[in-house]
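Residues: numbered from 1 along the sequence shown.
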Amino acid sequence: MYVQLKQRDMRRPPVNVSTLARMKREGEPIACLTAYDASFALLVDQSGVDLVLVGDSLGMVIQGHDTTVPVTVDDIIYHSKIVARSLTHAFLVADMPFMSYSEPEQALDNAVRLMQEGAAMMVKLEGGMGQRKIVEHLARHDIPVCAHIGLRPQSVHKIGGFRVHGRDPDQAGQMVESARRLEDAGADLVLLECVPNELGQAVARQCRVPVIGIGAGPNVDGQILVLYDMLGITQGPVPKFVRNFIDEAGSPLAACEAYVAAVKSREYPAPEHCFS
């Protein structure tokens, strides 16, 4: 019975929602990366990453689109299930693509597919307080949810490009309130993207659940980067918050291990990776 669990390396037991909650309570930084295929997922898992995201960023780094908007639920399912085959330790989160969660029942149907067909352990959706009903509906059906606030790449055409959010005091206050409301609705994680350091710290302090930052400063509960960015594979300009770990480490596995160590020691992000 449960042969697949016996085959796991129990010296590093699988991360789950309770693990992440404990890490926040104990002040242990949570190291997260994206992955999109089995080979890289294996390296990421071996490096000691706590959480792997199959992000709709695959639309840009894998499919070659200018935005994440063209990514479909079927795309995420395909990449999630092949990433899942290589993970024994890291917690697997899958993005809900653009317009795949506009209504509660649609969101539930697609979240179930991501978990049953894509082997995801949690789904991530973008949006502020306007997504409370969606989060409540998913949580009521025992779907673990990560709420994504701050810069929302799926809304790039509406907001007019990729830019820092929360510099305006009113907007910053609304973002803190959004995080608290989404947590109250049942979100198990909050992902906060492209905000000033002070706002990242404020959101992390106000939330009981872990807050994972990408360009949100050093005072959140964890960090995430797009794998291809931190490996220096991305062509052209990269965001300010990205640090290239491959130049220092020399191999993909060593780069991932260096990233995990830098997050755990809070060496990353450094001041040059942050917004004020």
Side-chain angles (χ1 to χ4, degrees), residues 17 20-21 24-25 30 32 51 53 55-57 67-69 93-104 106-108 110-111 122-141 143-224 239 241 269 274-276:
V17 171
L20 300 172
K24 178 181 175 79
R25 290 194 306 271
I30 301 167
C32 317
L51 182 152
L53 170 67
D56 58 6
S57 50
T67 73
T68 65
V69 172
V93 181
D95 255 334
M96 299 196 73
F98 178 69
M99 293 302 292
S100 67
Y101 49 96
S102 58
E103 297 293 338
Q106 178 203 28
L108 181 60
N110 286 325
M122 175 181 283
V123 299
K124 180 173 77 65
L125 54 85
E126 296 182 11
M129 281 187 273
Q131 299 297 348
R132 283 174 56 200
K133 290 185 178 179
I134 301 297
V135 173
E136 285 176 348
H137 191 65
L138 295 179
R140 191 160 56 245
H141 289 84
I143 305 289
V145 178
C146 174
H148 181 158
I149 61 176
L151 172 62
R152 293 170 287 145
Q154 292 175 13
S155 302
V156 63
H157 296 308
K158 178 71 171 178
I159 63 179
F162 299 97
R163 57 183 177 82
V164 180
H165 286 247
R167 283 179 168 147
D168 175 78
D170 289 339
Q171 187 185 48
Q174 291 171 6
M175 211 173 296
V176 172
E177 184 64 16
S178 290
R180 294 177 62 181
R181 294 284 187 90
L182 290 165
E183 176 186 67
D184 290 343
D188 303 282
L189 288 178
V190 172
L191 191 146
L192 185 59
E193 181 167 1
C194 274
V195 301
N197 287 0
E198 290 185 3
L199 179 54
Q201 184 174 29
V203 172
R205 284 180 173 175
Q206 290 293 324
C207 287
R208 299 180 301 276
V209 300
V211 176
I212 309 300
I214 178 167
N219 298 312
V220 289
D221 302 305
Q223 303 291 335
I224 188 166
F241 54 75
C274 300
F275 300 109
S276 57

Show the nearest heavy-atom pair for residues D170 and D168, with the distance to one decimal. N-OD2, 3.0 Å
Contact summary for V17 and P144, nearest pair of heavy atoms: CG2-CB, 4.5 Å
Rounding to 0.5 Å, atoms CG (N197) and SG (C274) come to a distance of 4.0 Å
By side-chain contact (heavy atoms from CB on, under 4.5 Å), L189 pairs with (sequence neighbours left out) L20, L51, M122, C146, P210
Quick check against the 3.5 Å criterion: does K24 have a side-chain atom that pairs as donor or acceptor with the backbone of G222? no
Heavy-atom distance under 4.5 Å between the side chains of C32 and Q223, does that happen here? no
Table please: side-chain donor-acceptor pairs of residues 94-102 below 3.5 Å, with sequence neighbours left out.
unit_1 : atom_1 : unit_2 : atom_2 : d
D95    : OD1    : K124   : NZ     : 2.6
D95    : OD2    : D56    : N      : 2.7
S100   : OG     : P97    : O      : 2.6
Y101   : OH     : E126   : N      : 3.1
Y101   : OH     : E126   : O      : 3.3
Y101   : OH     : Q154   : OE1    : 2.8
S102   : OG     : Q106   : OE1    : 2.7

Taking every heavy atom of G166 against every heavy atom of A172, the minimum-distance pair comes out as O-CB, 3.4 Å
For E177, the side chain to side chain donor-acceptor pair (under 3.5 Å) test, sequence neighbours excluded, returns R181
Salt bridge (Lys or Arg N to Asp or Glu O under 4.0 Å) filter on E198, not counting sequence neighbours, yields none
Calculate, to the nearest 0.5 Å, the distance between atoms CG and CD1 belonging to L125 and I143 respectively. 11.5 Å
Mind listing the closest non-hydrogen atom pair of V220 and A204 along with its distance? CA-CB, 3.9 Å
Going by heavy atoms in the side chains, are L191 and I149 under 4.5 Å from each other? no
Is the shortest heavy-atom distance from the side chain of P196 to the side chain of S276 under 4.5 Å? no
Heavy-atom check, side chain of V93 versus side chain of V123, under 4.5 Å: no
Ion pair check, R208 and D184, cut-off under 4.0 Å: yes
Sequence neighbours excluded, which residues qualify as side-chain contact (heavy atoms from CB on, under 4.5 Å) partners of R205? Q201
So, taking the atom named CD1 in I214 and the one named CZ in F241, what distance separates them when rounded to the nearest 0.5 Å? 4.0 Å
Tell me which donor-acceptor pairs under 3.5 Å the side chains of residues 132-139 have, and how far apart each pair is, sequence neighbours excluded?
unit_1 : atom_1 : unit_2 : atom_2 : d
H137   : ND1    : R140   : NH2    : 3.1
H137   : NE2    : E105   : OE2    : 2.8

Calculate, to the nearest 0.5 Å, the distance between atoms CE and CE belonging to M129 and M175 respectively. 10.5 Å
